[in-house]
Amino acid sequence: MKTKQRRTVMLTNNKNVLNWVDEMVALCKPDQVVWIDGSDEQLDALKAEAISTGEMKALNEEKLPGCLLHRTKENDVARVESRTFICSRKEEDAGPTNNWCDPKEMYAKLTPMYDGVMKGRTMYVIPYSMGPIGSPLAKVGVELTDSIYVVLNMDIMTRMGKAAFENLGETSNDFVRGLHSKADIDPENRYIVHFPEDNTIWSINSGYGGNVLLGKKCFALRIASYQGKNEGWMAEHMLILGIENPQGEVKYITAAFPSACGKTNLAMLIPPEVYKKAGYKVWTVGDDIAWLKPGPDGRLYAINPENGFFGVAPGTNAKSNFNALESTKKNTIFTNVVNNLDDNTVWWEGLDKNPPENAIDWLGNEWNGKTSDKKGAHPNSRFTAPAENCPCISSEFNNPAGVPISAMVFGGRRAKTAPLVYQSFDWEHGVFVGSTMASETTAAATGAVGVVRRDPMAMLPFCGYHMGDYFQHWLDMGKKLGDKAPKIFNVNWFRTDDEGHFIWPGFGDNMRVLMWILDRCEGKADAVETAIGYEPKPEDINVEGLDIDTSVVADLLSVDKDLWKEEAKGIHEFYAKFGDRLPKELSNQLEALEKRLDK
Ligand code: GTP
Ligand code: SPV
Ligand code: MN
């Protein structure tokens, strides 16, 4: 039987799109093809369908209007880095940090898996724009999927629907082709595969977040990082926030932390009382991904390519992240959290101290939060919330030109070693600092949690090409930007005491550190030169209203030279992977660090 394509509602005349869709329809053989125009009628019908089949559950319409709950399969709860591939034509172009397979071989292996995979199902054709429609920094993607969950999430996370094709026109071939099928959610045959030279992503046998919302990590980081290298811009795993001073001037900062290390929290922070009283405000532009390009004035400008937040639920509460919690109060999709049956709402560890007794856990089992010794929500359970819900969303969120960046911050989870904050000596040293980032692993990817691994620029799982070339691209961007380049810093909110407690209060109080960073950018704060970079004088971090005093700050800023000598050894080992594609500048930086540590 020939697939019914509803030709009347096709949303574009672009031949490249139409031919590719036809080809994929012929391969996957869905019963029908539905083009997603983004209209309320269409989305409401899809929601109703997902609710009727049990794929999604509608939540309390009064307390959580428009909100839905979804549970994934137990084996499908996070990104799977071991099954994620960069299939560049040459192996060396994927580099030592990516899984690689010859693209011809990979297509040959996956094609039979897609053959007929959508029989009995509907294929949804999702046109979407990463970035504000009409922005010169935006790019178009089309995702084909057999999952309504994906359609509804893409509606929140991207600018989805007919309008996305406006940027493409009738002849352009510049769109990313994403093919997703949940197939049987078989973990043994799960593949998340990128063909950077073909602008193509194939994902199969998963129904979870970063594996299947192909606009996000797959396109906006892996494919986009490759495009950015070729086209002179950058795609980074960075939040973007603005700090408005009492005079109404806003300065913008980006920050790259690995997955589940605090980007969403920092992006939406509530200023401590001392700054609030003085009239400071914080505005969120993005919480996960930044696309950055030099603007007409030579400064670096950033847009958030996304349109929503796919945030970690556990630990989100009115105190830790009020703005994120507010963002989830309507039109939000919850994945793998607890369902409180008393009032049909949601719960997760760290929301409050009152877990529901009459509930369903993330596995779909009856769960009593007062008596159970098991967690109710998965540690990587998430909310998908529209950016427009966020009380502190920036007025520049939809600005097609983006926002000018004053400072770029790197950071991770380090129990010791890394101090609360330091500034790089210059851009080149800043690239060294970013390239040597390390962090304890989290539940955002499958595998062991809490193991320290190198995660350069928080991009280890997301760089779509050879990481040595990526470092070179950073160095080249610095040369292009010259003295207009943002200043580069490193932070660590996660230092612990001997009992393993976090020393720094974190969350909103991180603003105290950001204020020193901005003061440095404006030449208003002093610094102490250490072996690893410039540090604040302890008294330059404002601790007014905090329980900790300057001596604790001094402790948080201490640099243990023995630990750092060990660190340097680890960096040598890590750098050795890149062979002759490691830029000379970075090995020189490492040598210079070692000399300073020996002094
Ligand atoms: P992805 O969406 O996976 O990229 O994660 P993310 O970087 O946005 O991390 P997020 O802000 O969701 O934070 C993840 C976890 O870190 C949560 O459990 C937070 O409670 C915790 N966290 C965030 N900021 C801080 C902080 O300043 N201090 C401490 N101790 N924990 C924090
Ligand atoms: C991350 O892991 O960095 C995330 C979640 O933001 S996912 O979209 O699953 O990649
Ligand atoms: Mn992320």
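Start at 1 and go down the list; that is how both ligands and their atoms are numbered. These numbers come from the heavy atoms of this one structure, side chains and all, not from hydrogens, waters or symmetry mates.
- Angle NZ(Lys217) to the Mn ion (ligand 3) to OD1(Asp288), rounded to 10°: 110°.
- With ligand atoms numbered from 1 in the order given, ligand 2 contributes 6 (O), 8 (O) to contacts under 4.0 Å with heavy atoms of Lys216.
- Side-chain contact of Asn398 with Arg159: a donor-acceptor pair under 3.5 Å is present, judged by distance alone.
- Within 4.0 Å of ligand 1, protein heavy atoms come from His237, Pro258, Ser259, Ala260, Cys261, Gly262, Lys263, Thr264, Asn265, Asp288, Phe310, Val312, Pro314, Arg382, Arg413, Trp493, Phe494, Phe502, Gly506, Phe507, Asn510.
- Partner Trp347 forms a side chain to side chain donor-acceptor pair (under 3.5 Å) with one of Asp361, Asp352, Asn354, Asn340 and no other, that one being Asp352.
- Atoms of ligand 2 lying under 4.0 Å from at least one heavy atom of Asp288, given by number and element, are 6 (O).
- Ligand 2 has a nitrogen or oxygen under 3.5 angstrom from a nitrogen or oxygen of Gly210.
- Atoms of ligand 2 lying under 4.0 Å from at least one heavy atom of Ser259, given by number and element, are 1 (C), 2 (O), 3 (O).
- Between Trp474 and Phe410, the ring-plane angle classifies as tilted under the 30° and 60° cut-offs.
- When Val77, Val337, Val338, Thr335 are each tested for a side chain to side chain contact (heavy atoms under 4.5 Å, CB included) with Ser381, only one passes: Val337.
- Those atoms of ligand 2 that come under 4.0 Å of a heavy atom in Ala444, given as number and element, are 2 (O).
- A donor-acceptor contact closer than 3.5 angstrom is absent between the side chains of Glu388 and Asn307.
- Defined by atom type and a distance below 3.5 Å, a donor-acceptor pair is missing between the side-chain atoms of Lys329 and Asn389.
- Ring geometry for Trp493 versus Phe257: interplanar angle over 60°, hence perpendicular rather than tilted (30 to 60°).
- For the 3.5 Å distance criterion, the side chains of Ser558 and Arg495 qualify, holding a donor opposite an acceptor.
- No more than 12 heavy atoms of other residues, nucleotides or ligands lie within 6.0 Å of CG in Asp547, so this atom counts as exposed by the packing criterion.
- Of the candidates Lys217, Arg79, His237, it is Lys217 that places a heavy atom closest to atom 4 (C) of ligand 2.
- With a heavy-atom cut-off of 4.0 Å, Asn211 does not touch ligand 2 at all.
- Using a cut-off of 4.0 Å between Lys/Arg side-chain N and Asp/Glu carboxylate O, Asp288 and Lys217 are scored as salt-bridged.
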